Amino acid sequence: MAKISEKLNEAFNNQIKEELESAYIYLGMAEWFQEKSLDNLATWFEMQAKEEFEHAMKFKDHIIERGGHVHYYALAEQKQDWESIMEILEATYKHEKYITSKIVELHELVKELKEYSSNQLIMWFLAEQVEEEDNASTLIDKFKGYRNDFNFDHHIKREE
Ligand code: MG
């Protein structure tokens with residue numbers, strides 16, 4: 001296996017930042033829910049934040065396995081002043097679609113650079129993004145059926 005190229009290493013370091021910023025976004029959302037005693041939604045978003053951290057670690061481990069160097073960039077402050085549950089759910093869905101577009105870019109870069117040793121990692125993330133987008137849009141669909149914040153919260157349970 002060839003050592004990871006500088007270009008792909010850099011792109012993966014940038015993706016680590018994207019994943020950690022995703023965690024930061026979801027932590028802010030979890031806090032908004034927790035303040036309003038919407039505890040199941042708070043838990044859902046906290047678990048989502050932990051998943052994003054795991055995504056970042058997956059890229060980190062892969063870079064090291066391929067003989068590269070990990071650099072943690074500064075994280076940007078994220079929006080925390082939400083108006084409603086629906087605004088949060090729609091922002092989540094939009095954000096996951098954005099992350100999918102970033103993974104697709106990585107997929108194209110891997111092909112362009114012929115870095116086939118990173119193919120499997122990217123395939124895993126492409127499949128993961130199908131799930132992430134589905135989770136986000138499912139929350140929106142469910143919420144449309146409730147229209148009462150506490151009823152909705154009561155029906156949100158998340159499995160590990
Ligand atoms: Mg992610």
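Numbering of ligands and ligand atoms starts at 1, following listing order. Just so you know, these numbers come straight off a predicted model, no measurement behind them.
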Legend entry - Rounded to 10 degrees, the angle OE1 of Glu52 makes with OE1 of Glu19 at the Mg ion (ligand 1):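 Output for this angle: 90°, rounded to tens.
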
Legend entry - Residue His55 atom name (nearest to the Mg ion (ligand 1); N/O/S): ND1

Inset, instruction - Measure from the Mg ion (ligand 1) to each N, O or S atom of Glu132 and report whether any distance is below 2.8 Å. - result: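 Of the N, O and S atoms in Glu132, none lies under 2.8 Å from the Mg ion (ligand 1), which means no.
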
Inset, instruction - Could you walk me through whether Leu139 and Tyr93 pass side chain to side chain contact (heavy atoms under 4.5 Å, CB included), step by step? - result: CA-CA 9 Å; Leu139 275 187; Tyr93 188 33; over 6 Å; no

Inset, instruction - Using the side-chain hydrogen bond (donor to acceptor under 3.5 Å, both in side chains) rule, take Ser22 and His95 through it: C-alpha gap first, then chi angles, then the decisive distance, then the call. - result: CA-CA 8 Å; Ser22 301; His95 183 69; 2.8 Å; yes

Inset, instruction - Just say parallel, tilted or perpendicular for the rings of Phe125 and Phe59, cut-offs at 30° and 60°. - result: parallel

Inset, instruction - Classify the angle between the aromatic ring planes of Trp124 and His55 as parallel (below 30°), tilted (30 to 60°) or perpendicular (above 60°). - result: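 Rings of Trp124 and His55: perpendicular, over 60°.
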
